[in-house]
Amino acid sequence: MMSEFSIIDQYCRGLGYIHPETQLSVGDDAAVVDVPVGMDLVVSVDTMVEGVHFFADLAPAKLAHKLLAVNLSDMAAMGATPKWATLALTIPQVDSGWLGAFSDSLHSLASEYRVQLIGGDTTSGPLTLSLQIMGLVKKGDAIVRSGAREGDAVYVSGYLGDAALALQQRQEQGSVNNPLLLQALELPQPQVELGVSLLGSATAAIDVSDGLVADLAHIAKASDVSIELELSALPLSESFMAAQAPIELALHGGDDYQLAFTAPEAVVAGLELDSKFLITQIGQVVSHGDEPVVLRSNGEQVPIRHKQGFDHFEK
Ligand code: ADP
Ligand code: MG
C-alpha cells in the first residue's frame, strides 16, 4: 500500500509550470509565493464531488481537466492571469492507474496555462476534489461584477447550452451521441486569454457556470441595474440547433464556462475581439427595473418560466 507521502511525491510534486515567484512549493507546511509589487493576488476555490458534479465513471484525465478548467474560468472572469494552485484530494482508495492519469492530465492543462501546483492535502474518503487557484492582476484592475452601467452592451463568448444538452442526454438516454456536446460538458475550455484582453474595457464580467440568466442576474444585482437579453441573439452551436434543443438549456443550463461581460459597445468594437474569439452581443444594460434579467424576443418581453440556475441547497 502506498503511503500518503509517496502519493504526494509521485503524483503531486513538480506538477505544472515552475514560476520564478514561487519561493517554496510542495514539501513544507505551507507554500510561499512572491506577489510582485503593484500586483493583486486573486484567489478562488472550486470543489467537485462524485455524484454531484460528475458521474462516477468519468475518466480521471477528464476529471482533472474539468477541475482545473472551472477554476481557470474564475480567474478568466476576473481578468487575472493564473499562477498557482493547491489541491485537496480525497480518494476512496489508492489506485495508481487512476492517480497517474489524473496527475498527467492536471500537469498538461496546468503547464498549458502556466499554473504551478504548490501544495495541497491528501485524505481518504468519498471521491472529492477541491482545487484552489491563485492568479495575479495589476493592482485595482480586477474585473468585478459590480461595474455594469446603464447603456453598456452585454456579451458572451462561445456557445451556450451545449454542456447542459449533453447532461440532459446523458440523464435521459444514458449517453451522449454527439462528441462535440460531450466535449462541452467534460472538457470546457477556460477563457483566460479573453479575460485578460477585457482588462480596462469590460465594466463587469462573470463566467457562466450556473446558467446565463442566473449568472447575469448576479451582475445585475451587484451593479444595481437590469439586463435585457434578446433571445434571438443567443449563440447556439450547430450541434445544439441540429438536436432542436430547447432554448431554456442555453438560458438556464449550467457548465458553459463561457465569459459573460458588459462594456460600452464602441469599446468592444475597438478591441476587434472578433478575429480571435467568438463574441456575441446578446443584450444591454438598462436602469434597475422589477427583474434583474428581462428576456425579449424581437423586442417583445417574454416571461422567464424555468428555474434560474443550479443551487445545491434548493429543495
Ligand atoms: P501537513 O501535515 O504539514 O499539513 P501534509 O502532510 O498534509 O502537510 O502535506 C505535506 C506536503 O505535501 C505539503 O507541502 C502539502 O502542501 C503537500 N501536499 C499534500 N497533498 C497534496 C496534494 N494533493 N497536492 C499537492 N501537494 C500536496
Ligand atoms: Mg504541518
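Counting starts at 1 for both ligands and their atoms, following the listed order.
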Quiz item: So do Thr203 and Val285 actually touch side chain to side chain, heavy atoms under 4.5 Å?
Solution: no

Identify, by atom number and element, the atoms of ligand 1 in contact range of [X], meaning under 4.0 Å from any of its heavy atoms.
| X | answer |
| --- | --- |
| Gly119 | 16 (O), 24 (N), 25 (C), 26 (N), 27 (C) |
| Gly27 | 11 (C), 13 (C), 14 (O) |
| Thr122 | 19 (C), 20 (N), 21 (C), 22 (C), 23 (N) |

Practice problem: Flag the pair Glu186 and Lys66 as a salt bridge only when some basic side-chain nitrogen lies within less than 4.0 angstrom of an acidic carboxylate oxygen. | Solution: no

Quiz item: Of the backbone atoms (N, CA, C, O) and the side-chain heavy atoms from C-beta on, which set of Leu117 has a member under 4.0 Å from an atom of ligand 1: side chain, backbone, both, or neither?
Solution: side chain

Quiz prompt | Sequence neighbours excluded, every pair satisfying ring-ring contact (aromatic ring centres under 6.0 Å, His included) that has a member inside residues 181-212 | solution = none

Under 3.5 Å, side chain of [X] to main-chain N/O of [Y], donor-acceptor pair present?
| X | Y | value |
| --- | --- | --- |
| Ser6 | Ser3 | yes |
| Asp28 | Ala30 | no |
| Asp40 | Gly140 | yes |

Quiz item: Does ligand 1 have an atom that lies less than 4.0 angstrom from a heavy atom of Phe5?
Solution: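 In this structure, Phe5 qualifies as a contact of ligand 1 - some heavy atom is under 4.0 Å.
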
Practice problem: Look at ligand 1 and say whether Glu4 reaches it with a heavy atom at a distance under 4.0 Å. | Solution: yes

Tell me whether [X] has any N or O atom under 3.5 angstrom from an N or O of ligand 1.
| X | value |
| --- | --- |
| Ser25 | no |
| Gly120 | yes |
| Leu89 | no |

Quiz item: Are side-chain N/O atoms of Thr47 and Ser130 paired as donor and acceptor at under 3.5 Å?
Solution: yes

Quiz item: Which is closest to atom 12 (O) of ligand 1 by heavy-atom distance: Ile8, Ile118, Leu106?
Solution: Ile8

